[in-house]
Amino acid sequence: GAVVSQHPSWVICKSGTSVKIECRSLDFQATTMFWYRQFPKQSLMLMATSNEGSKATYEQGVEKDKFLINHASLTLSTLTVTSAHPEDSSFYICSARTSPGLAGGFGHTQYFGPGTRLTVL
Amino acid sequence: AQKITQTQPGMFVQEKEAVTLDCTYDTSDQSYGLFWYKQPSSGEMIFLIYQGSYDEQNATEGRYSLNFQKARKSANLVISASQLGDSAMYFCAMREGGSGGSYIPTFGRGTSLIVHP
């Protein structure tokens with residue numbers, strides 16, 4: 001099946017620093033990638049949707065200047081948490097999807113990465 | 001309004017028994033997809049099963065089956081012959097489509113399943 005990787009799997013940083021998280025689709029081209037945030041024992045909260053070559057679409061309440069998303073290629077999207085603070089500590093999960101118009105457009109075409117646990121001290 | 005409702009925050013089941021995890025959804029679209037994901041303590045989201053709104057038969061994948069009742073807007077996950085490794089969080093999700101559909105899945109709050117020996 002399709003594989004999505006995330007790097008790093010966990011990161012600890014000091015308050016005020018920036019952290020970059022990479023999301024890669026390893027064996028397919030992802031026209032769309034999603035970034036989610038998950039607090040302990042809670043559901044996934046969609047932060048933004050990014051399409052290759054265009055600006056990301058952020059969900060309401062998500063600061064686009066704080067969470068920079070770049071989707072420069074069909075296999076790579078990055079999320080940069082700028083000037084991280086302790087309240088940004090969370091589990092960040094990306095997912096990648098091929099075009100919804102292809103066969104299985106309502107099928108299992110969204111593949112999740114293993115997540116990145118960010119701890120800001 | 002919540003689009004996906006999982007009313008069971010936690011469930012316990014004995015090993016080898018079957019368990020049903022509830023999920024109800026809300027949509028006005030005719031075309032939509034329903035998903036179940038498993039999230040073990042490692043955090044990875046594992047796809048389990050999918051049901052399309054036009055599928056007439058309930059989806060099955062090994063020990064997982066989806067009890068799809070369209071009129072009641074429910075999509076319960078049934079796990080047969082539970083195993084200790086089934087202990088995890090389970091999320092129900094829906095992706096709406098059709099004109100104006102976002103194709104972006106909406107997740108429920110999840111149900112924590114604990115399988116005990």
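Any value given below was found using the heavy atoms of this structure, including those in side chains, with hydrogens, waters and symmetry copies removed. Within every chain, numbering begins at 1; the chains are lettered A, B, ... in the order of the sequence lines, protein sequences first and strands thereafter.
The same ILVMFWY cluster, assembled from side-chain heavy atoms under 4.5 Å apart, contains both B:Tyr90 and B:Phe68. With hydrophobic clusters built from ILVMFWY side chains whose heavy atoms lie under 4.5 angstrom apart, A:Tyr58 shares a cluster with A:Trp35. Under the 4.5 Å side-chain heavy-atom criterion for Ile, Leu, Val, Met, Phe, Trp and Tyr, A:Leu79 and A:Tyr36 are members of distinct hydrophobic clusters. A:Val19 and A:Ile93 fall into different hydrophobic clusters, where Ile, Leu, Val, Met, Phe, Trp and Tyr side chains are chained together by heavy-atom contacts under 4.5 Å. One hydrophobic cluster holds both A:Val62 and A:Ile21 under the rule that ILVMFWY side chains link at heavy-atom gaps under 4.5 Å.
For A:Gln6, no part sits under 4.5 Å from any heavy atom of chain B, backbone or side chain. Using a 4.5 Å cut-off between heavy atoms, B:Ser42 contacts chain A through its backbone alone, with no side-chain atom that close. Heavy-atom distances place no part of A:Ser95 under 4.5 Å from chain B, backbone and side chain included. Neither the backbone nor the side chain of B:Met89 has a heavy atom closer than 4.5 Å to any heavy atom of chain A.
Enclosure of atom CD in A:Glu87 by more than 12 non-hydrogen atoms of other residues, nucleotides or ligands within 6.0 angstrom is indicated.
Here the straight-line distance linking atom CD of A:Gln38 with atom CZ of B:Phe91 works out to 5.0 Å at 0.5 Å rounding. To the nearest 0.5 Å, the span separating CD on B:Gln39 from CZ on A:Phe112 amounts to 9.0 Å.
Looking only at heavy-atom pairs under 4.5 Å with chain A, the residue among B:Gly110, B:Pro9, B:Ser53, B:Gly108 that has the most is B:Gly108.
Minimum interatomic distance between B:Phe107 and A:Ser43 (heavy atoms only, all atoms of both residues): CB-OG, 3.4 Å.
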